[in-house]
S.K.: 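Submitted below is the structure of interest, expressed as structure tokens.
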Number of protein chains: 2
Amino acid sequence: MDEPTTTRTPGRERLLAAASRLFYREGINGVGVDRILEEAGVTRATMYRHFAGKEALVAAYLESEDATLRGYFADAEAEGGTPTELLGRVIDTIAIDITSYHTRGCPFINAAAEFPDADSPVRRIVTAHRTWFRQALAELARAAGLPDPDAAAASLVLLRDAALVGGYLDGVEVTAPAFVATARQVAGLDV
Amino acid sequence: MDEPTTTRTPGRERLLAAASRLFYREGINGVGVDRILEEAGVTRATMYRHFAGKEALVAAYLESEDATLRGYFADAEAEGGTPTELLGRVIDTIAIDITSYHTRGCPFINAAAEFPDADSPVRRIVTAHRTWFRQALAELARAAGLPDPDAAAASLVLLRDAALVGGYLDGVEVTAPAFVATARQVAGLDV
DNA sequence: CAGCAGGTAGAACGATCGTTCTACGATATC
DNA sequence: GATATCGTAGAACGATCGTTCTACCTGCTG
């Protein structure tokens, strides 16, 4: 019958790509559905066939960001090496990410700024992403033998947030070195 | 019947207070002028007499936040003590701030998430605030004799951002201790 | 008391918001 | 080749956006 429908619906993909780009660059409440449709080269009916509404589009955007980051993490783990090396590689990857890709801050933080209701679907995705990231870091810190892995993970989450925000508002040339230096200190990589 | 001049224009003050509360709690694009007017108990004409438009109201909101934070800093300096003590007091003040007042993230970061144009008046206020804060911290770090005061200041700005965001999204009970511990480490207060 | 500002009130503006509607075209199955 | 299905097209909906308008009321100054 039907094989995987990954390329079956180009409309949906173009829609999600355009929405992701616009939501990230201009804020969620700042872009209307019309802008997204125009950018995607698609009409209203197509969008409402693939997504329940604008909020579902926002959710899909954040879900795909989450999937991308989990992919980064899995790739880093697949490369092997000691947990300590892996920790250093995660820090470097974040520095590259804020330099090249996420130059407009953190998608999740920015989204949360516009969605005050903590029970909303959007905020639930943000919370789930952050919980996963902190736990993944805590496991890594534990494997690396850090004295207080949970505290170290909390600090590293803190630092990634700050690096993303700072790269946007202060310029990456100021923020990235400060992030790497502080993070390596927290991770016990530099004594 | 003459009251002090501070209450001479209660309309403007009530307007700014209501706008600040709503902008911070629900996001800027998320609240309409109607909501602000209703909350302030004021009508449209009154608002447009005191402010050029909604964006001017946003600017006034951020300016007042900036003034408040500069006030905190000045108060801490006025208390006297060594630069090192002052540095520690600034860190403690931030921890108290994210615990008690700024529980919905950083007003400036949240605003920047909704204003993509770096040349816009709103973003200029954000930039000015951050520049001031980093320079003030750098002076303090220099006075405290830290080896690389500019780097330390950059890290501390990073950490305050993260603490504000983390307090909102992860809960202050997780974030505040992580912030204090990391910041004291960066500031050379704990060896 | 007359006159005049400045704050207030509420209606109304055009534009845009997110959403729903019906009609049309392409594709795949029987 | 007829038919059912799904994506597409574009108009239209009510609601809300930020802003402007005219009329009214108040408290000063002469």
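Within every chain, numbering begins at 1; the chains are lettered A, B, ... in the order of the sequence lines, protein sequences first and strands thereafter.
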S.K.: Using heavy atoms and a sub-4.0 Å distance, could you list which residues of residues 22-38 of chain A are near DNA chain D? By number, please.
M.R.: none

S.K.: Determine the interplanar angle of the A:Trp132 and A:His129 rings, folded into 0 to 90°, and report it as parallel if under 30°, tilted if 30 to 60°, perpendicular if over 60°.
M.R.: tilted

S.K.: Is any side-chain nitrogen or oxygen of B:Thr43 closer than 4.0 Å to OP1 or OP2 of C:dG10?
M.R.: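 Negative; the distance criterion is not met.
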
S.K.: Round to a whole Å and report the spacing from CG of B:Leu15 to C1' of C:dG7.
M.R.: 13 Å

S.K.: What is the distance, to the nearest angstrom, from the NZ atom on A:Lys54 to the P atom on C:dT20?
M.R.: 15 Å

S.K.: Tell me the interatomic distance from A:Arg49, atom CZ, to C:dT20, atom P, rounded to whole angstroms.
M.R.: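 Going from A:Arg49 (CZ) to C:dT20 (P), I get 13 Å.
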
S.K.: C:dG18 P sits how many Å from A:Glu114 CD, rounded?
M.R.: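 Distance check: A:Glu114 CD to C:dG18 P gives 12 Å.
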
S.K.: Just how far, in rounded Å, is P of D:dA11 from OH of A:Tyr48?
M.R.: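 Answer to the nearest Å: 17 Å.
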
S.K.: Are any non-hydrogen side-chain atoms of A:Tyr48 and A:Lys54 less than 4.5 angstrom apart?
M.R.: no

S.K.: Expressed in angstrom and rounded to an integer, what is the separation of A:Leu57 atom CG from C:dC17 atom P?
M.R.: 14 Å

S.K.: Answer with yes or no after comparing the ring centroid distance for B:His102 and B:Tyr168 against a 6.0 Å cut-off, counting only values under it.
M.R.: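 No.
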
S.K.: Figure out the NE2/P separation between A:His50 and D:dG7, and round it to whole Å.
M.R.: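 From A:His50 NE2 to D:dG7 P: 5 Å.
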
S.K.: Just checking, B:Arg160 and B:Phe179: is the charged tip under 6.0 Å from the six-membered ring centre and within 45° of the axis?
M.R.: no

S.K.: How would you list, by chain and number, every residue that makes a side-chain contact (heavy atoms from CB on, under 4.5 Å) with A:Asp170, sequence neighbours excluded?
M.R.: A:Thr175, B:Arg130, B:Arg134, B:Val157

S.K.: Rounding to an integer number of Å, can you tell me how far A:Glu55 CD sits from C:dG18 P?
M.R.: 12 Å

S.K.: Are the side chains of B:Phe23 and B:Asn110 in contact, using a 4.5 Å heavy-atom criterion?
M.R.: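 No, too far: nothing below the 4.5 Å cut-off.
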
S.K.: Which is more 5' along DNA chain C, the nucleotide nearest B:Thr46 or the one nearest A:Gly53? Just name the residue.
M.R.: B:Thr46

